[in-house]
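Written out below as structure tokens is the structure these notes cover.
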Amino acid sequence: MAEIPIRSFGVSVVLLRNAEPETEVLLLRRNHTLVGEWCQIAGGIEEGEKAWETALREVKEETGLDCDRLYSADICEQFYEADRDAISMFPVFVGFVDAEAAVTINHEHSEFRWVSFAAALTMVPFAGQRHVLRHVEAEFVQREPVQHLLIHEMSQTSWNNCEGT
């Protein structure tokens, strides 16, 4: 019997800021793959990296931002890729950043927007993304996140310590 492989080679990050009176989600408009679509941060795991390290690196590379706190979202983004005939599963992370921090997007994106969860749900193209966003809003905004999911409270000192691992 033939099998469809399951691949886990990347991560997804939902980036949040507390912009009173509501929490906002960062969406990026893609340039290369899924051209023109609004998505959260995503990227491939490099050799020797832990998934959470990839999440922090991708946030920095794609937005220029540093996370104050990073959590496991306790959910995976999953999708079928017809061209590879494979199911891809990306662990999802939730990063919180300073509300005043300036976003600097890289070449992978043409623009960014901080939006409400309601707006984000209408902007992202895939049902799986909407499922992830609903989960993040319920578990990280509407209630206090479970502390067991906290990976790091980041400071420049702790980030420098992480870079050497």
Side-chain angles (χ1 to χ4, degrees), residues 6-19 22-30 33-34 37-79 81 87-99 101 103-106 108-109 112-117 120-121 123-165:
I6 297 175
R7 305 169 351 128
S8 186
F9 59 90
V11 303
S12 178
V13 184
V14 177
L15 207 56
L16 305 177
R17 74 174 184 181
N18 186 7
E22 65 185 348
T23 300
E24 294 179 324
V25 180
L26 182 67
L27 292 182
L28 307 170
R29 184 167 263 173
R30 307 281 309 220
T33 58
L34 302 172
E37 297 292 356
W38 289 99
C39 297
Q40 63 270 33
I41 296 164
I45 300 169
E46 294 182 355
E47 188 67 36
E49 253 182 349
K50 294 181 171 106
W52 66 266
E53 292 171 324
T54 300
L56 291 173
R57 178 180 51 76
E58 288 292 336
V59 167
K60 186 69 168 177
E61 287 177 3
E62 294 187 17
T63 69
L65 298 172
D66 292 311
C67 293
D68 294 331
R69 290 173 290 149
L70 183 73
Y71 292 86
S72 164
D74 198 27
I75 194 170
C76 287
E77 189 173 344
Q78 55 200 31
F79 47 91
E81 294 179 277
I87 297 168
S88 291
M89 295 185 71
F90 285 21
V92 178
F93 296 90
V94 178
F96 287 86
V97 298
D98 183 271
V103 175
T104 305
I105 55 175
N106 67 4
E108 297 175 53
H109 307 97
F112 73 91
R113 288 191 193 156
W114 286 105
V115 298
S116 67
F117 276 91
L121 290 170
M123 293 170 70
V124 296
F126 301 112
Q129 289 173 298
R130 290 186 291 278
H131 176 70
V132 164
L133 288 170
R134 286 185 194 99
H135 172 81
V136 169
E137 182 179 30
E139 298 298 325
F140 292 86
V141 177
Q142 294 174 352
R143 61 179 286 178
E144 191 66 29
V146 175
Q147 285 304 299
H148 297 293
L149 298 176
L150 179 65
I151 295 170
H152 276 292
E153 287 195 61
M154 300 305 292
S155 68
Q156 192 58 42
T157 303
S158 62
W159 173 241
N160 289 338
N161 291 339
C162 291
E163 287 180 320
T165 60

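- To the nearest 0.5 Å, atom CH2 of residue Trp52 and atom CD1 of residue Ile45 are 13.0 Å apart.
- What you find for Val59 and Leu65 is that their closest heavy atoms are CG1-O, 3.4 Å.
- Residues Phe126 and Leu34 have side chains in contact (heavy-atom distance under 4.5 Å, counting atoms from C-beta outward).
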- Item | Step-by-step side chain to side chain contact (heavy atoms under 4.5 Å, CB included) determination, Ile75 to His131 | CA-CA 10 Å; Ile75 194 170; His131 176 70; 3.6 Å; yes

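- Distance CD/Glu62 to CD/Glu58: 5.0 Å, rounded to 0.5 Å.
- Considering CG of Asp74 and NE2 of His148, their distance stands at 11.5 Å, rounded to 0.5 Å.
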- Query: Yes or no on side chain to side chain contact (heavy atoms under 4.5 Å, CB included) for Val13 and Gln40, after CA distance, side-chain angles and deciding distance?
  - Reply: CA-CA 6 Å; Val13 184; Gln40 63 270 33; over 6 Å; no

- Message: Run the side chain to side chain contact (heavy atoms under 4.5 Å, CB included) test on Phe140 and Leu149 for me, step by step, so that the C-alpha distance in whole Å, both residues' side-chain angles and the decisive distance to 0.1 Å come before the verdict.
- Response: CA-CA 10 Å; Phe140 292 86; Leu149 298 176; 4.0 Å; yes

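- Of all heavy-atom pairs between Ile151 and Ser72, the closest is CD1-N, 3.7 Å.
- In the model, Ser12 has a side-chain atom that pairs as donor or acceptor with a side-chain atom of Glu77 under 3.5 Å.
- Panel note: side chain Asp68, backbone Asp98; a donor-acceptor pair is recorded below 3.5 Å.
- Met89 places a side-chain heavy atom less than 4.5 Å from the side chain of Ile6.
- Going from atom CG of Leu121 over to atom CD of Glu137 covers 7.0 Å, rounded to the nearest 0.5 Å.
- Leu16 and Phe117 get closest at one heavy-atom pair: CD2-CZ, 3.7 Å.
- Nearest heavy-atom pair across Gly43 and Thr54 is O-CG2, 4.1 Å.
- The side-chain contact (heavy atoms from CB on, under 4.5 Å) test with His109 singles out one residue from Leu28, Val103, Thr63, and that residue is Leu28.
- Relative ring orientation between Phe90 and Phe9 is described as perpendicular, the plane-to-plane angle rising above 60° on a 0-90° scale split at 30° and 60°.
- Between Arg57 and Glu53, no side-chain nitrogen of the basic residue sits less than 4.0 Å from a carboxylate oxygen of the acidic one, so the salt-bridge criterion is not met.
- To the nearest 0.5 Å, atom CZ of residue Arg30 and atom SG of residue Cys39 are 5.5 Å apart.
- Scanning all heavy atoms of the two residues, the minimum distance from Arg29 to Trp38 falls at NH2-NE1, 2.7 Å.
- Considering every non-hydrogen atom in both Cys76 and Pro91, the closest pair reads SG-CA, 3.9 Å.
- A salt bridge between Glu24 and Arg17 is present, with a side-chain N of the basic residue lying under 4.0 Å from a carboxylate O of the acidic one.
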